Amino acid sequence: PICLSAQYSDWRDQFVKWNLEFRYNKVFFIGSPDANINKYSFLISADVALNENDIFDSSTLYLQPYFELSLPYSFNDKISFSNYSAGLHLKKFLNVQNQKNNFYFLIGGKIDITASTIIDKKYKKLKNDFLFDAGVGYTVTNRAELYFLYTRGINKIYLQEDLTSRTGVQSYSIGLRFGLLNNWWFR
């Protein structure tokens, strides 16, 4: 029978690593410098190796799909938000003379669903947004990474409970990623 390489258990162990993440986001509303929010998110992601380093059993380029869920957060006591996202990053490690460095760059985007809830009026609105992000990261150990991201959205969300003020969002994020497997291909 014909088999794909992904059907072998060794392939999955070798080229894919699952991660759990925690991310702190400082969210700013574009054009409203005084309006900012602290947001906390939990993520699950997978790193899929796209190339190999010919000296070490390693890779320097990864595709990283992820799902993100934020805890509810609010700008004031009248309106609260929560986010549900799915995204994709390209993750590139620095590589000097076939020596894989601990530093890497991230670039990508995500589709975000923002649920805005006006507490007094019991009004809830879902808004889709597409966000671009870019950042840098550092691999602390085989199982732990620290990263920083800048994210900017395209669409606008409601900022006031009267639904008249809409603005775009940008955020700065610090994240901590924990690998679930100790995988030799990701060293």
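FYI, side chains are in, hydrogens and waters are out, and symmetry mates aren't considered; it's all heavy atoms of this structure. The model shown is predicted, which means the values in this text are computed figures rather than measured ones.
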Taking only residues two or more places apart in sequence, or in another chain, which ones meet [X] in a side-chain hydrogen bond (donor to acceptor under 3.5 Å, both in side chains)?
X	value
Asn25	Ser41, Ser173
Tyr147	Glu21, Arg23
Asn101	none
Tyr84	none

Q) Under the side chain to side chain contact (heavy atoms under 4.5 Å, CB included) test, which residues partner Lys26, sequence neighbours left out? A) Tyr24, Phe28, Asn36, Asn38
Q: State which residues pass salt bridge (charged side-chain N to carboxylate O under 4.0 Å, His left out) with Lys110; sequence neighbours excluded, sorted by chain then number.
A: Glu68
(Q) Consider side chain to side chain donor-acceptor pair (under 3.5 Å). Of Thr151, Asn128, Asn83, which one does Asp112 pass it with? (A) Asn83
Q: Write down the atom of Ser59, the atom of Lys100, and the distance for their closest heavy-atom approach.
A: O-NZ, 2.8 Å
Q.
Closer than 3.5 angstrom, by distance alone: can the side chain of Asp133 be matched with the main-chain N or O of Ile107 as a donor-acceptor pair?
A. no
(Q) With a 6.0 Å cut-off on the ring centroids, do Phe42 and Phe22 count as close? (A) yes
Q | More than 12 heavy atoms of other groups within 6.0 Å of Leu88 CG | A | yes
Q) Would you call the rings of Tyr62 and Phe93 parallel, tilted or perpendicular if under 30° counts as parallel and over 60° as perpendicular? A) perpendicular
**Q.** Worked verdict on Thr114 versus Asp129 for side-chain hydrogen bond (donor to acceptor under 3.5 Å, both in side chains)
**A.** CA-CA 8 Å; Thr114 302; Asp129 196 0; 6.0 Å; no
